[in-house]
Amino acid sequence: MNKSFLQKLKEFLKSWEMVLICILLAEFVVFGAANSKFLRPALLFNSMNDFMSICIISLFVTFVMITGGIDIQAGSIVGLTSIIIGVTWQDFGLNIWVAALLAVIVAALCGALSGFFVAYCGVQAMVVTLGGSFLYAGIALLVSNMASTASYQGISGFPDYFKILSKYKFFGVIPSQLIIFLILTVLAYILLHRTKYGRRIFLVGVNQKAAEYSGINSRLVIMSTYVLSAMSASVAGVVLTAYLGTAKSDLGSNFTLNIITAVVLGGTLSTGGKGNVVGTALASVVIGLLRFGLPLCFGVGTQYLDIPVGVLLLVVVVARSMGSHPTTANLIRKWKERGREA
Amino acid sequence: MKKLLKSREISSFLFLVALFLIVGIINPNFLTSSNIVACFNDSVVYIIVSVGMAFAIFIGEIDVSVGANLGFTATVVSCMLRDGQNWLLAFAVGIIIGALMGLFNGWGVAIMGVPSLIFTLGTNGVMRGMMYVYTGGAWVENLPAEFKKLYTNTLVGSISVNLTLTVLAVIAIHLLLKKTKRGRYFIAVGDNPAGAAMVGIPATQTKVAAYVICGVLAAISGIVFSSRIGFVTATSGSGYEMKAVAACVLGGISLSGGVGSVIGASIGAVIMASISRLLVFMELGSTYDNTITGILLITIVVADSLMQRNTAEKNRRQRLAARTLSGDKAKIGGGDHE
Amino acid sequence: QASEAVSVEGKTVAFIPKVTGNAFFESANDGAQKYAEEWGISVEYMGNSVAGAAEQVEVIHQAINTGVDAICISTVDAAGVSDALQEAKDAGITVCTWDSDANVTDRALMVSQGTPDTLGKMLVDMGADSLSKRGKDAAKDEIKYCWHYSQATVTDQNSWQVAGEAYIAENYPNWVNVAPDNYYSEQDSEKAVTVGAAVLADHSDVDLIICNDSTALPGQLQAAQNAGLDKDKISITGFASPNSIKEFCKAGLLYEWGLWDCQIQGAMGCYVAAYLAAGNEVKVGDTISIPSIGDVAVEANDCISEGAETADTNNGVVLLPERVVFDESNMEDYNF
Amino acid sequence: MPEKALLNIKNIYKSFGMNAVLKGISLDLNEGEVLALIGGNGAGKSTLMKIIMGIYQHDKGEIFVRGEKVTSNKTSAALASGIYMVPQEPMLFPNMTVEENIVIGFEKKGSELHKELTELMTAVGWKLDLSRKAGSLSIAEQQMVEILRGLLRHAQILILDEPTSALTFDEVESLFRSVNELRAKGIGIIYITHRLTEVFEIATHVAIMRDGKIPVRGLVTEFTREMLVKGLLPPDAQEKEDTLKEQMKAIDYEHSRPVFELQKFSGYGFTDISLKVYQGEILGLAGVVGAGRTELATTVFGRDKVLGGKAYLEGRDITGLSTRQVIAAGLNYVPEDRHYHGLFKISDIAANTSSAMLGEKTMGRFLLNRKEEYRLTQKYVDDFRTKITGQAQLAGSLSGGNQQKVVIGRSLSTSPKLVILDEPTRGIDAAARGDVYSIIHELRNRGLSILLISSDMEEIIELSDRVMTVCQGRINGEFTGEDINQDKLMAASFGITEKKEAGA
Ligand SMILES: Nc1ncnc2c1ncn2[C@@H]1O[C@H](COP(=O)(O)OP(=O)(O)OP(=O)(O)O)[C@@H](O)[C@H]1O
Ligand SMILES: Nc1ncnc2c1ncn2[C@@H]1O[C@H](COP(=O)(O)OP(=O)(O)OP(=O)(O)O)[C@@H](O)[C@H]1O
Ligand SMILES: [Mg+2]
Ligand SMILES: [Mg+2]
């Protein structure tokens with residue numbers, strides 16, 4: 001507001017997002033140098049399709065984590081969405097869009113249920129959503145039993161106009177999933193950083209009691225973040241179902257760790273009160289490109305990718321906490337002072 | 001007060017009994033003594049890993065790398081045994097690996113101050129990957145028959161030696177935690193870290209120790225795991241971290257730290273370990289596995305939390321009401337201030 | 001006809017399992033690598049440690065990006081990988097399948113371990129044989145049996161179970177299935193043992209357990225061993241690699257079990273993929289001669305899945321020449 | 001001076017990051033001394049004590065205990081050498097019992113300790129249920145547990161960091177008795193406080209800390225109250241307080257209407273409260289800690305259940321409304337506990353100020369109106385002369401007084417008709433206190449009604465037009481004009497005077 005553009009720029013250059021952008025650039029440089037294929041737009045964009053679901057969910061799990069909670073059930077809601085779409089479309093004859101809408105509504109209810117337990121019953125988010133991850137995955141399996149086709153055959157044959165949702169390529173290269181992600185990022189950014197609702201999320205995360213004394217309905221705010229993250233998981237489920245052309249109950253079952261990694265890497269404080277949609281979006285892309293680039297450029301097998309992602313997470317969090325560690329902080333101060341004297 | 005403390009474990013235990021009875025009503029085959037004993041026998045791996053997790057949770061942190069730790073240790077120890085190495089050496093190597101992983105986690109969490117969920121998530125990923133690197137993805141098979149016998153050896157009736165040792169160890173750990181000066185530190189650190197520092201409790205050391213214990217127990221459970229299963233796959237132990245957390249919560253341990261006991265964790269572990277088995281007896285098939293686990297977990301924690309909140313609220317109101325009541329007395333008796 | 005086949009030398013094949021870290025797929029990869037050296041092709045083993053459609057699509061994309069000549073895949077879910085395989089075809093990559101098939105229109109050749117009928121019958125026959133060996137009369141006694149495998153969602157294992165049930169109904173009407181819903185252990189070794197132990201405890205009188213899954217069989221055997229049973233008290237049989245069961249056989253827990261030679265299957269899959277990628281063309285009825293393995297015939301798709309169409313060229317099924325029943329006498333001849 | 005000082009601190013330096021807190025502190029403590037350490041908020045008193053305890057490490061300087069240089073900087077070493085600190089905020093283990101809390105860390109057997117503990121408790125004359133969970137204790141009781149901990153340890157050097165800020169009169173009395181007994185036994189005590197009366201009551205020596213240094217120290221007898229106040233204030237500070245009382249115009253009760261009214265209002269912790277607050281009036285609510293005034297305020301504010309009676313704001317019934325509705329109706333509350341209920345520490349000042357306004361249309365319908373937020377924040381920053389580096393500064397990094405100004409600013413942002421101020425100057429230093437007083441006066445002069453809850457009698461006397469005393473959850477006195485004085489208020493607060501006498 002009262003800051004000059006230069007000041008803002010300076011602040012941005014020092015921000016965590018800038019670090020992420022640097023890591024992203026480093027990825028492009030290293031991978032690009034190792035194998036020029038990496039830089040081919042068609043390949044690069046195509047590869048993004050494979051991790052867009054994680055990016056989409058991470059955006060809104062950020063909301064949950066800002067309130068001081070955590071959401072480890074989002075992954076199983078992806079599968080639940082997928083199988084609901086499949087079963088209601090194939091066996092109940094619903095229009096595919098109606099089926100998708102229904103799935104999103106069910107997901108929202110699931111999120112509301114977990115959110116209710118967290119916000120109104122005061123149960124730890126970790127346990128509730130852990131229970132939720134079991135429960136919703138289990139329900140997905142039960143729904144899949146309702147299908148007339150034997151469960152091992154899966155449900156497929158979705159109409160093309162549904163599949164195009166995830167398959168269309170703008171200008172022949174930019175996949176629609178990426179566009180959906182960008183739209184959602186902008187949406188999440190506005191919601192979190194520009195609206196009164198977003199401000200309430202932050203305040204509740206910083207100090208729930210003080211928020212209540214300010215007349216904020218903190219429980220409703222907390223619950224709503226779980227609804228939002230479940231809905232985003234559901235959108236990811238719709239996108240993924242359209243992308244794969246098949247409805248399965250176990251889609252997304254192993255997304256959890258990647259989602260949390262992306263949110264944390266994005267700079268969200270796991271104790272709540274601090275976080276950033278842009279950081280999350282960047283971090284999720286950083287992870288995705290790592291998973292794409294390492295096999296392509298260095299022949300690392302997919303089953304080994306947990307190592308570099310884990311190492312990246314460890315290095316980043318340790319480095320960041322080192323910055324605030326007393327001994328290093330002292331070192332930095334001394335170093336700065338010496339710089340001033342010189 | 002002490003009774004109240006204990007009641008959390010007792011309510012978990014009653015829940016376990018109720019669960020068994022319900023299944024017994026559906027299928028009387030379940031309630032044979034040998035089957036019940038088998039339920040406990042087969043819970044040993046879960047008990048050990050959950051007790052380890054309990055230490056991490058006591059201090060107010062979490063360790064989601066125990067599953068990978070378990071799997072990795074199982075892999076390394078099994079490879080050594082398969083290749084005919086000395087058993088003691090193999091066990092020692094396994095336990096050292098577990099301790100080192102615990103130490104590393106402890107360093108990250110207690111010394112570097114990284115949030116524990118995040119840090120152990122990272123080590124989890126790295127260790128899972130290492131399992132592949134170590135085995136190249138292949139199964140470790142054909143473990144020595146004598147090693148597998150370690151699991152089935154029985155003591156009294158069909159109660160296994162493992163179970164007996166585990167139960168004794170759990171009781172010993174429980175007593176150490178409750179009765180010794182250093183044992184109490186774990187709970188204290190989780191209860192109020194800053195307060196712990198005030199009375200001279202070495203908070204950092206205690207936290208690191210908790211992680212080392214957690215790592216060592218994960219490693220031991222990895223060894224028991226391989227002697228029970230007889231072969232180790234590249235995904236062995238995945239999912240154990242969450243089940244161990246669930247076991248602790250079912251056993252009345254609060255995730256915010258400072259509350260609960262290892263006995264509670266063990267009871268929770270028996271519940272978690274028995275679910276697949278219960279489903280077989282209920283003819284429900286594994287389709288219901290997740291649903292039931294989820295419902296169990298949510299119901300118990302929600303009920304527990306509501307109950308706790310109610311008592312706290314009741315206490316508060318009683319305390320406040322007592323103040324105005326004594327006000328009445330003051331009026332009548334002319335004040336109780338000398 | 002294929003006398004002047006173009007050499008496969010120098011071709012690169014991406015060999016994709018359903019999931020890595022599973023003994024069956026790892027053995028198949030070992031076989032493929034072994035023969036690949038001999039044939040002068042390069043086989044790249046690419047997979048994910050999680051068996052999921054989304055994960056497998058990622059792997060297929062990885063193969064396409066790396067620029068392989070051919071893909072030889074065991075699909076997790078035919079529908080789920082359909083589009084990805086089409087993309088591969090569009091990129092000029094030959095797609096073949098092995099073990100678990102894709103939609104017939106998405107691939108050229110499939111190297112199949114056999115029809116569901118053959119495999120279902122084989123499982124039941126091994127069971128009947130085990131029963132006879134311990135003095136039961138499979139044809140007359142009231143035999144109690146059940147199935148224990150990975151999951152209801154696994155295509156091939158289910159098709160064998162269905163075929164096996166049909167075969168039992170026809171030939172052994174005296175048998176009783178004590179758990180028509182089957183037992184599943186989701187390829188989780190710990191669960192396999194737990195479920196196995198529970199089955200034994202719940203049905204102490206069960207005579208035969210058929211484990212048509214390579215994790216369920218050792219798990220079930222381990223549970224039996226832990227319960228102090230052996231091959232003369234209960235009959236357990238199924239499909240698993242010889243190495244994972246040898247010790248159990250030596251310990252007297254089972255008479256026989258079976259599998260096809262998955263090393264050969266993996267190798268064959270890679271060979272036919274490279275063969276087509278090299279520009280050779282095959283029709284139903286042609287034979288492909290594979291160095292050091294032998295001649296194999298290309299058959300129509302409907303021999304493994306009823307009513308499946310077969311395209312004119314480069315489409316069909318290659319059946320594995322043999323499936324093996326392992327027992328104490330021959331198990332040391334195999335190492336996978 | 002005796003040969004060996006109990007505690008000898010030489011030239012201590014300490015910084016947190018870029019913030020240099022201690023800049024060369026030297027201090028001695030001898031046997032049988034009670035050293036009162038006073039200083040503004042953030043002067044570094046607690047930090048210095050934490051360094052003595054080995055919780056923080058100093059950057060430079062030396063500490064000697066009984067002539068021996070302290071080499072280990074561990075808390076356990078400090079405890080072993082006979083130092084114990086009762087921290088400013090009690091730090092008990094909420095899930096442990098009182099007894100477990102006190103005996104933790106001892107090597108001795110439980111039964112022995114229990115015996116010692118009960119003996120100790122009868123000696124000091126405090127009653128506490130040893131088997132209660134510490135989490136259920138009131139702050140005063142927690143403080144007692146902390147002190148017992150130190151006594152049981154037979155500490156030679158006892159540090160009390162603002163021990164009385166939450167104690168009742170009785171408890172303060174018995175604490176002082178124990179302090180005197182301990183001093184007689186030759187124990188050295190460092191006593192940190194913001195209450196200057198206490199300094200003269202209990203201390204033998206006094207040291208003033210300002211700006212990371214100790215510019216003034218000596219025997220208590222050498223000082224007067226005025227000298228201490230002068231020593232506390234920065235050299236250039238001007239005396240503001242004089243002007244206050246004179247500016248106040250008397251309220252014309254005849255023609256004024258009550259803005260706020262409680263009729264037989266009851267809730268948890270208080271019963272049968274009836275009172276009226278008039279336009280432009282400051283009604284003081286005096287009492288001792290634990291009288292139930294905070295409960296009254298928070299219940300009116302929609303945080304707890306109403307058990308009976310009615311609350312009216314400008315004639316409108318606001319009984320049992322939610323906090324949000326109460327705020328909208330025109331009432332706001334400045335919580336007693338700034339840290340837990342008031343402040344968003346890791347949010348910026350703008351977000352702190354506007355947080356209660358988020359329900360209003362002026363802050364935007366859906367999107368947040370940043371311009372309006374900036375204007376609003378700047379208004380209160382300017383009005384209250386809050387010292388900030390910019391609106392983007394995090395509230396947690398402000399000093400206590402400035403934090404309080406931010407919270408008061410928020411409570412005014414909703415343009416309330418009545419503001420309830422609960423202990424508005426608790427834990428605030430003298431300079432900031434003056435600022436807060438002038439803010440309160442200004443508000444009154446603008447016609448705002450204020451309900452002032454305070455346990456500081458001087459504060460009540462200085463600010464209020466009319467005072468009511470609360471004792472054990474009931475109103476037991478009303479005072480106006482000349483009646484508003486220490487003696488009468490104190491007596492009523494402790495329930496010694498009956499209502500009729502007081503009213504007469
Ligand atoms: N752990 C810490 N990290 C960073 N800064 C700190 C820390 N502890 C204290 N400070 C800063 O050090 C300064 C001195 O704080 P301290 O608590 O010692 O003051 P104090 O004199 O005890 O004040 P009060 O009267 O309010 O208790 C303050 O500016 C405070 O913000
Ligand atoms: N539910 C609670 N949880 C934590 N602390 C509380 C709670 N209720 C009161 N306190 C604290 O206990 C102390 C005693 O105050 P209490 O609310 O019991 O009486 P009070 O009427 O507010 O007294 P006063 O207004 O004179 O300080 C206060 O410091 C208050 O902040
Ligand atoms: Mg202080
Ligand atoms: Mg109060």
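The chains referred to below are lettered A, B, ... by the order of the sequence lines, with proteins before strands, and numbering in each begins at 1. Everything numeric here is computed off the predicted structure, so don't read it as measured data.
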Among the listed options [options], the residue most often paired with chain C at heavy-atom distances under 4.5 Å:
options: B/Ser236, B/Ala273, B/Gly137, B/Gly230; value: B/Gly137
options: B/Asp289, B/Val45, B/Leu278; value: B/Asp289
options: B/Leu279, B/Asn35, B/Thr135, B/Ile229; value: B/Ile229

Atom group of [X] that falls short of 4.5 Å from chain B, counting heavy atoms:
X: C/Phe248; answer: side chain
X: C/Ala192; answer: neither
X: C/Ala251; answer: neither
X: C/Ser185; answer: neither
X: C/Tyr184; answer: both

Hey, does the side chain of B/Trp139 reach the backbone of C/Ser244 with a donor-acceptor pair shorter than 3.5 angstrom?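 Not a single qualifying donor-acceptor pair exists.
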
Rounded to the nearest 0.5 Å, how far apart are [atom1] of [X] and [atom2] of [Y]?
X: C/Ser49; Y: B/Tyr132; atom1: OG; atom2: OH; value: 4.0 Å
X: B/Lys148; Y: C/Asn226; atom1: NZ; atom2: CG; value: 8.5 Å
X: B/Phe225; Y: C/Glu190; atom1: CZ; atom2: CD; value: 6.5 Å

Pair B/Asn142-C/Asn243, side-chain donor/acceptor within less than 3.5 Å: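 No - no donor-acceptor pair under 3.5 Å links their side chains.
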
Below 4.5 Å from any heavy atom of chain C, which atoms of [X] appear? Answer side chain, backbone, both or neither.
X: B/Phe30; value: neither
X: B/Asn41; value: neither
X: B/Arg128; value: neither

Min side-chain heavy-atom separation B/Thr235-C/Gln187 under 4.5 Å: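 No; the side chains remain at least 4.5 Å from each other.
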
Within a strict 4.5 Å, meaning less than it, do heavy atoms of the C/Ser189 and B/Phe231 side chains meet?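 C/Ser189 reaches B/Phe231 side chain to side chain.
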
Taking it one step at a time, do C/Thr194 and B/Arg228 satisfy side-chain hydrogen bond (donor to acceptor under 3.5 Å, both in side chains)? CA-CA 10 Å; C/Thr194 305; B/Arg228 168 168 187 236; 3.1 Å; yes

Quick check for you: among C/Asp188, C/Val199, C/Asn22, which has the greatest number of heavy-atom pairs under 4.5 Å with chain B?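 Answer, by heavy-atom pair count under 4.5 Å with chain B: C/Asn22.
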
Out of C/Gln222, C/His203, C/Glu247, which one racks up the most heavy-atom pairs below 4.5 Å with chain B?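 The option with the most such pairs is C/Gln222.
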
Looking only at heavy atoms, which two atoms of C/Ser241 and B/Glu141 are closest? And how far apart?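 C/Ser241 and B/Glu141 have their closest heavy atoms at OG-OE2, 4.3 Å.
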
